[in-house]
Amino acid sequence: MKRTTYCGIPAAVSTPVVLVGWVHRRRDHGGLIFIDLRDREGIVQIVFDPKTSATLHEQAHALRPEYVIEIQGTVALRPVDTENPALATGTIEIRATNLTILNPALTPPFLPTDEMEPDESLRLKYRYLDLRRPLMQKRFVKRHQMMMEIRRFLDTRGFIEVETPYLTRSTPEGARDFLVPSRLNCGAFYALPQSPQLFKQTLMISGFDRYYQIVRCFRDEDLRADRQPEFTQVDIEMSFVEPSEIMHLMEEMISLCLQQVSSSQNRQPFPVLTYQEAMRRFGSDKPDLRFGMELHDISDIAAVCTFNVFRQACQTKGGRVKGIAIPGFGLSSRKEIDTLVQEAIDLGAKGLAWMKVTGDGVDSPIAKFFEPGQIRTVKQRLAALPNDLLIFVADSETVTHQVLGALRLKLARRLNLLDPAIYKPLWVTDFPLLEYDAAASRYVAVHHPFTAPMDEDLPLLSSDPLAVRSKAYDMVLNGTEIGGGSIRIHQHNLQAKILGLLGMSEEEARAQFGFLLTALQYGAPPHGGIAQ
RNA sequence: GGGGCCGUAGUUCAGCUGGUUAGAACGCCGGCCUGUCACGCCGGAAGUCGCGAGUUCGAGUCUCGUCGGCCCCGCCA
């Protein structure tokens with residue numbers, strides 16, 4: 001057995017070839033038998049002609065899907081008008097001269113074609129059949145190519161790949177750890193790392209200057225369609241850097257990756273939104289920029305209209321009235337709008353006010369509470385067009401953003417505005433350093449406890465901790481956070497102070513993070529990084 | 001921790017307000033077929049309707065329980 005080429009890679013016409021692979025499909029004409037032979041590189045058509053060899057043709061009758069076979073034959077141009085443009089090898093075929101069945105196969109529970117996708121549990125039970133599908137093989141290859149690009153790119157930029165331990169110590173904060181029982185210390189457990197955060201900071205303190213790792217992370221949390229308990233991330237840390245240096249580096253790296261999956265060139269640099277602006281305009285800290293439907297504040301008008309719900313919301317401290325214009329949705333039936341109102345209530349709103357935009361004005365149960373001029377201003381501010389539906393939420397700023405942000409996404413999905421072929425990356429910066437956890441009655445870190453506060457906000461740490469912004473940045477792509485990082489705290493005193501704000505006593509801090517606190521006192525360089 | 005949807009042939013699914021023998025497509029088996037390529041044509045086999053109980057003259061269909069799957073909220077520094 002000496003394979004001369006892959007099925008998917010056409011060989012020169014009239015050369016003898018030896019091919020091995022899986023029977024993808026058979027087309028038995030009684031006379032001629034065609035076999036599509038598949039390997040990881042693609043598919044090629046094999047022809048068994050009774051005129052070439054009656055016994056060989058007889059043998060080929062036995063072939064069934066997923067048999068593993070070896071074919072000896074000759075590459076030939078297909079007869080005129082029998083070329084198959086859908087196939088990369090569609091201009092040629094292999095005239096078989098010899099057939100060896102290397103291994104027959106049972107009738108598989110599903111055929112490894114891309115046309116139909118069986119239930120996921122069945123795909124996993126017969127994972128090897130699932131992974132034979134050309135689509136799955138393409139994905140694996142794509143992933144491999146991305147990893148190669150990333151390694152090559154980071155190497156040229158002077159990064160050193162370092163491995164860090166998997167059997168490690170549990171850290172408080174963050175996700176639940178996976179635990180591994182220890183045989184040597186009976187009753188004690190290792191924790192699998194949620195991320196190599198402390199290790200990479202240690203490497204910076206050691207002077208490695210630029211580290212990266214393509215590393216597995218483990219988080220024992222509930223799953224989602226796009227969330228697995230173990231996943232791989234590109235982990236990066238650099239010394240003596242500003243956020244902008246890390247962000248530009250990542251833009252280059254991600255652009256290289258996007259080139260692998262999309263033909264369109266991404267313009268660098270990526271747009272940057274502050275957290276505040278992202279929330280204000282999109283009601284989300286990971287906005288999907290593939291479509292508009294931005295949030296607009298009409299609190300000033302709402303405060304002086306005669307609609308009590310709006311006025312009261314504006315009179316409440318921190319209250320807001322905001323709205324979005326949904327293109328074409330003004331033609332919806334009353335029932336469809338009622339459904340939308342219920343969805344808003346399920347998302348936490350007290351209700352949902354709406355206006356159908358007509359040619360000259362609006363059609364709305366709340367129109368009577370507004371002066372014509374006020375309605376004109378509202379329409380103008382939401383950039384409303386005829387047949388749009390305007391929806392409004394009146395509540396605290398938090399609830400308003402949350403509800404409208406979620407509705408914006410739901411409606412975009414319903415209106416088919418989420419084109420999977422378009423990639424809209426951006427940065428979100430200026431996150432708050434801390435948020436208040438009412439249940440635990442203490443502050444918790446928004447990013448993680450090692451994130452550095454912005455220098456100009458340092459005085460606020462004592463007076464108004466929730467107002468402190470951090471040197472953190474998230475990369476967002478099409479509404480998904482695909483990377484996040486920060487400049488870290490490299491000063492012992494500041495780190496101790498933050499741990500204190502998080503409700504940790506000095507003893508606790510020493511017990512949990514003593515190693516880091518000590519290390520910061522032995523010449524820790526300023527550093528920061530990201531995990532994608 | 002909470003919520004929604006789904007379990008019917010090997011697979012993907014249909015099956016109406018409960019009603020006679022539970023269907024389709026693909027796949028599988030047999031036959032025919034020398035230029036097909038998701039080949040075509042003819043014929044055939046294939047089902048504990050996830051499981052258990054209940055309501056009913058009668059349950060794939062309704063109710064309760066249970067098991068399994070998918071999705072969402074919480075959670076995921």
Side-chain angles (χ1 to χ4, degrees), chain A residues 24-38 43-52 54 57 61 64-66 76-87 89-93 95 105-126 129-130 171-178 193-195 197-198 217-231 343 346-348 402 406 409-410 413 431-435 437 439 443-451 470 472 474 481 484-486 488 498-499 502 512-513 531:
Chain A
H24 190 65
R25 277 203 179 87
R26 72 190 164 103
R27 290 178 292 281
D28 186 342
H29 285 228
L32 286 178
I33 296 175
F34 298 99
I35 294 291
D36 285 343
L37 190 64
R38 186 192 69 236
I43 285 170
V44 72
Q45 174 166 279
I46 316 288
V47 190
F48 293 92
D49 191 334
K51 277 191 294 196
T52 312
H57 181 261
H61 271 296
R64 290 294 179 274
E66 300 313 303
L77 278 179
R78 292 192 183 194
V80 181
D81 288 338
T82 64
E83 296 91 351
N84 182 357
L87 217 54
T89 59
T91 56
I92 58 151
E93 62 192 9
R95 304 265 163 82
L106 297 174
T107 300
F110 57 91
L111 291 176
T113 58
D114 291 337
E115 280 85 36
M116 240 196 268
E117 199 157 276
D119 187 75
E120 184 160 25
S121 55
L122 196 70
R123 292 173 59 195
L124 291 173
K125 181 175 176 185
Y126 299 97
L129 295 180
D130 186 41
T171 50
E173 305 265 331
R176 279 177 277 260
D177 293 313
F178 277 103
Q194 303 162 28
S195 81
Q197 182 61 34
L198 287 170
C217 301
F218 306 90
R219 294 178 189 173
D220 190 6
E221 294 294 343
D222 291 349
L223 308 179
R224 284 286 188 289
D226 59 350
R227 209 190 289 160
Q228 294 181 289
E230 52 176 305
F231 59 93
E343 281 174 320
D346 292 343
L347 286 164
Q402 190 182 303
L409 267 181
K410 275 190 174 212
R413 214 165 290 140
F431 284 87
L433 183 73
L434 303 167
E435 61 191 355
D437 181 345
Y443 296 108
V444 292
V446 167
H447 190 53
H448 58 50
F450 321 111
T451 302
S470 67
D474 279 358
E481 180 201 324
S486 62
R488 328 296 183 189
I498 298 286
L499 293 177
L502 296 176
Q512 300 291 356
F513 298 114

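From a predicted model like this one, the values you see are computed outputs, not experimental measurements. Reminder, nothing fancy here: chain letters follow the sequence lines and each chain counts from 1.
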Heavy-atom donor-acceptor pair, A:Asp222 side-chain to B:G74 base, under 3.5 Å: yes
Using the side-chain heavy atoms of A:Asn84, tell me which of these nucleotides is nearest: B:C76, B:C75, B:A38. B:A38
For B:U8 and B:A14, measure between their C1' atoms and round to the nearest Å. 10 Å
Within the 4.0 Å limit for protein heavy atoms, which parts of nucleotides 24-31 of chain B are touched? Write it as a string from 5' to 3', B for base, S for sugar-phosphate only, - for none. ---SSSS-
Winner on side-chain proximity to A:Thr82, out of B:U12, B:U36, B:U34, is B:U36
Once rounded to the nearest 0.5 Å, what's the spacing between atom CG of A:Leu37 and atom CD of A:Glu93? 13.5 Å
Side chain to side chain donor-acceptor pair (under 3.5 Å) for A:His61 and A:Arg26? Distances and angles first, verdict last. CA-CA 9 Å; A:His61 271 296; A:Arg26 72 190 164 103; over 6 Å; no
Please state the P separation for the pair B:C70 and B:U34 - nearest whole angstrom. 48 Å
Given the rule that a pair is Watson-Crick or G-U wobble with both distances under 3.5 Å, how would you write RNA chain B in dot-bracket, using | for pairs to a different strand? (((((((..((((.....[...)))).(((((.......))))).....(((((..]....))))))))))))....
Taking B:C33, B:C76, B:U36 as options, the one with an atom nearest any side-chain atom of A:Asp28 is B:C33
Between A:Arg64 and A:Glu66, is there a salt bridge with N-O shorter than 4.0 Å? no
Gap in Å between the two C1' atoms, one belonging to B:G65 and one to B:A9, rounded: 28 Å
